[in-house]
Structures are given as structure tokens and as C-alpha cells.
Amino acid sequence: MEKRVIVLMGPAGAGKSSVASYLKKRWGIPQVITHTTRQMRTGEINGRDYYFESPTSFKKNHYLEKVEYSGHQYGSSHEGLLAGWQQNRLISIVLDTKGAATYRQELGQRAWLWYITVSDVTVLEKRLEKRGDQSAAIQKRLHSTEFKRDLVLPKILKNDANVVINDDWEKTKKVVDALVEGFESD
Ligand SMILES: Nc1nc2c(ncn2[C@@H]2O[C@H](COP(=O)(O)OP(=O)(O)O)[C@@H](O)[C@H]2O)c(=O)[nH]1
Ligand SMILES: Nc1ncnc2c1ncn2[C@@H]1O[C@H](COP(=O)(O)OP(=O)(O)O)[C@@H](O)[C@H]1O
């Protein structure tokens, strides 16, 4: 049976992690956990949200792809993907748009691209504040080239991605349910 990884991408605060959690809770779709050198935020758990690494330990892993985002390293392992697929036909991963393009290149249609966004980008900063991110970290993030890049869906992914506008969480859940149901009934 066909296997797929739902690649959740989009600007910071759009709701990528919220969708990943919902996929797990409602549909039992596990998230492939990636590695990062950024600091753990309040409420985050090592091994659930990320594998938090030092610059030295980060270098020791083997990555399918890795990127720098707002001054920190992020990488996803081949092993994580394969372990997820061993137990499940459908898994998810949260990536930036550069990583998503690599996944599409490496995995073809097995990378199911979902671009999570909002119709009014000014809400993103408010969401990051509400999430409890430190204000210095928010400002650094909002001014990074990667954040600005991911505010729009890159041209090379435009025809391939499902766009999910996450303005209203109740509506988003319905859109997510419809996408998963479409796959399950395939
Ligand atoms: N390419 C790639 N991007 C990642 C990986 N892990 C996380 N990201 C992306 O890195 C960016 C920053 O993530 P994070 O620090 O959690 O910030 P957030 O977007 O504000 O939640 C987001 O766009 C994530 O999707 C990875 O392993 N590879
Ligand atoms: N539709 C929504 N309306 C209001 N707040 C939301 C919505 N979706 C997510 N959030 C909240 O916005 C913040 C950022 O969401 P998150 O999933 O962490 O985004 P991302 O992973 O894309 O950075 C979180 O506090 C989350 O609870």
C-alpha cells in the first residue's frame, strides 16, 4: 500500500505544529521528530517537539536534509522517516520550504505537501507572543530571511502543495479531516 509523509510547511506561527498534533490525536498519524540546535521553548519536551542538540552533537547525526533557519541548525534523519513508515502508512513532518523542496525531490509523490498559512500575516507575531516565545527570539525570527521567504509558497512547490488557510481552528480541523479521509479512502 502507498506510503506518504505529510510535509507541513509555512511561516512561523501559522499552525504547523498545531496541525501535526491534531493529526496525531485525531488520526493517530505520528510526527517524525527532527533535530535542532535552537533553545528549547517553555513547554517543549526533548524527543517530543525536537531532539535538542548542541552544535557538536548536531554534527554527529546523518541527515536526509538539513538547513539553517534564523541562525539555528535543523535536520531530519532518514532513520526517523523509515521508522515511522514501518508502523504507519501516513506520517507527518514539519519542515521549512527549502526542506520541503528536498523532500519532494528525494521522495516524489510520497512527500505530500501541505502549506499552512493565514490570510492576514499580522496575526503571526501575535500568535508567537501568545505561544510564549521570548520577544527577542520573535523579533529575530520575524526579521530572518527564512521567515520572509516562507511567507509565500515558493514557485517550485506552487502546483504541488495543498494550501491550508488556518484562520479559524474549527475550519482548519475540517479541512485536515477531509484531506486525510480522501487519502484513507484511496
Ligand atoms: N528543512 C528542515 N526544516 C525544519 C526541520 N525541523 C524544523 N524545521 C523548520 O524550521 C523552522 C523553524 O522551526 P521552529 O524553530 O520550531 O519555529 P516555528 O516555525 O516558529 O515553530 C520551521 O519552518 C520548521 O518547519 C528540519 O529537520 N528540516
Ligand atoms: N487557527 C488558530 N487561531 C488562533 N491561534 C492559533 C490557531 N492555530 C494555532 N494557533 C496558536 O498559534 C500559536 C502558533 O501555532 P503553532 O502551531 O506553534 O505554529 P507553527 O508551528 O507554524 O510555528 C500557538 O500558540 C497555537 O496554539
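Both counts, for ligands and for their atoms, begin at 1 and track the order of listing.
- Contact shell of ligand 2 (protein heavy atoms, cutoff 4.0 Å): P11, A12, G13, A14, G15, K16, S17, S18, R127, R131, N166, D167, D168, W169.
- Counting heavy atoms under 4.0 Å from ligand 1, residue H35 does not touch it at all.
- Per-residue contacts place R131 under 4.0 angstrom from the following atoms of ligand 1 (heavy atoms of the residue considered): 18 (P), 20 (O), 21 (O).
- Evaluated for a ring-ring contact (aromatic ring centres under 6.0 Å, His included) with H35, the options Y74, F52, Y63 yield exactly one hit, Y63.
- In terms of protein heavy-atom proximity, atom 6 (N) of ligand 1 is closest to T34 OG1, 2.8 Å.
- Ion pair K98/D150 not flagged as a salt bridge, since none of the NZ, NE, NH1 or NH2 atoms sits closer than 4.0 Å to an Asp/Glu carboxylate oxygen.
- Here the side chain of N88 pairs no donor or acceptor atom with the backbone of I91 at under 3.5 angstrom.
- For the pair G10 and ligand 1, the shortest N or O to N or O distance does not fall below 3.5 Å.
- Remark: minimum distance from atom 8 (N) of ligand 1 to any protein heavy atom is reached at V94 O, 3.7 Å.
- Backbone and side-chain nitrogen or oxygen atoms of S76 are examined, and one is located within less than 3.5 angstrom of a nitrogen or oxygen of ligand 1.
- Ion pairing between a basic and an acidic side chain is recognised when a charged N comes within 4.0 Å of a carboxylate O; E170 and K173 show such pairing.
- Defined by atom type and a distance below 3.5 Å, a donor-acceptor pair is missing between the side-chain atoms of S18 and S21.
- Near A12, meaning under 4.0 Å from any of its heavy atoms, are these atoms of ligand 1: 19 (O), 20 (O).
- Within the 4.0 Å heavy-atom cutoff, S17 does not count among the residues contacting ligand 1.
- Distances from atom 15 (O) of ligand 1 to the heavy atoms of Y50, F147, Y74 show the closest one on Y74.
- The distance from ligand 1 to the heavy atoms of G99 drops below 4.0 Å at these ligand atoms: 1 (N).
- No part of K98 comes within 4.0 Å of ligand 1, judged by heavy-atom distances.
- Between D150 and ligand 1, no pair of N/O atoms sits closer than 3.5 Å.
- Ring centroid separation for the pair F183 and W112 comes in under the 6.0 Å cut-off.
- Looking at Y69 next to ligand 1, no N or O pair under 3.5 Å apart turns up.
- Using a 4.0 Å cut-off between charged side-chain N and carboxylate O, E181 and K174 make no salt bridge.
- In terms of protein heavy atoms, atom 19 (O) of ligand 1 is closest to K16 NZ, 3.2 Å.
- Within the 4.0 Å heavy-atom criterion, both parts of L95, backbone and side chain, lie near ligand 1.
- Near V67, the atoms of ligand 1 lying under 4.0 angstrom from a non-hydrogen atom of the residue are 1 (N), 2 (C), 3 (N).
- With ligand atoms numbered from 1 in the order given, ligand 1 contributes 14 (P), 15 (O), 16 (O) to contacts under 4.0 Å with heavy atoms of R38.
- The nearest heavy-atom contact from the protein to atom 28 (N) of ligand 1 is E65 OE2, 2.7 Å.
- With a 4.0 Å cut-off on non-hydrogen atoms, E68 does not touch ligand 1 at all.
- Note on ligand 1: R127 sits outside its first shell, no heavy atom being nearer than 4.0 Å.
- Considering each of K66, R141, R149, the one bringing a non-hydrogen atom nearest atom 18 (P) of ligand 1 is R141.
- Nearest to atom 9 (C) of ligand 1 among the protein's heavy atoms is D96 N, 3.5 Å.
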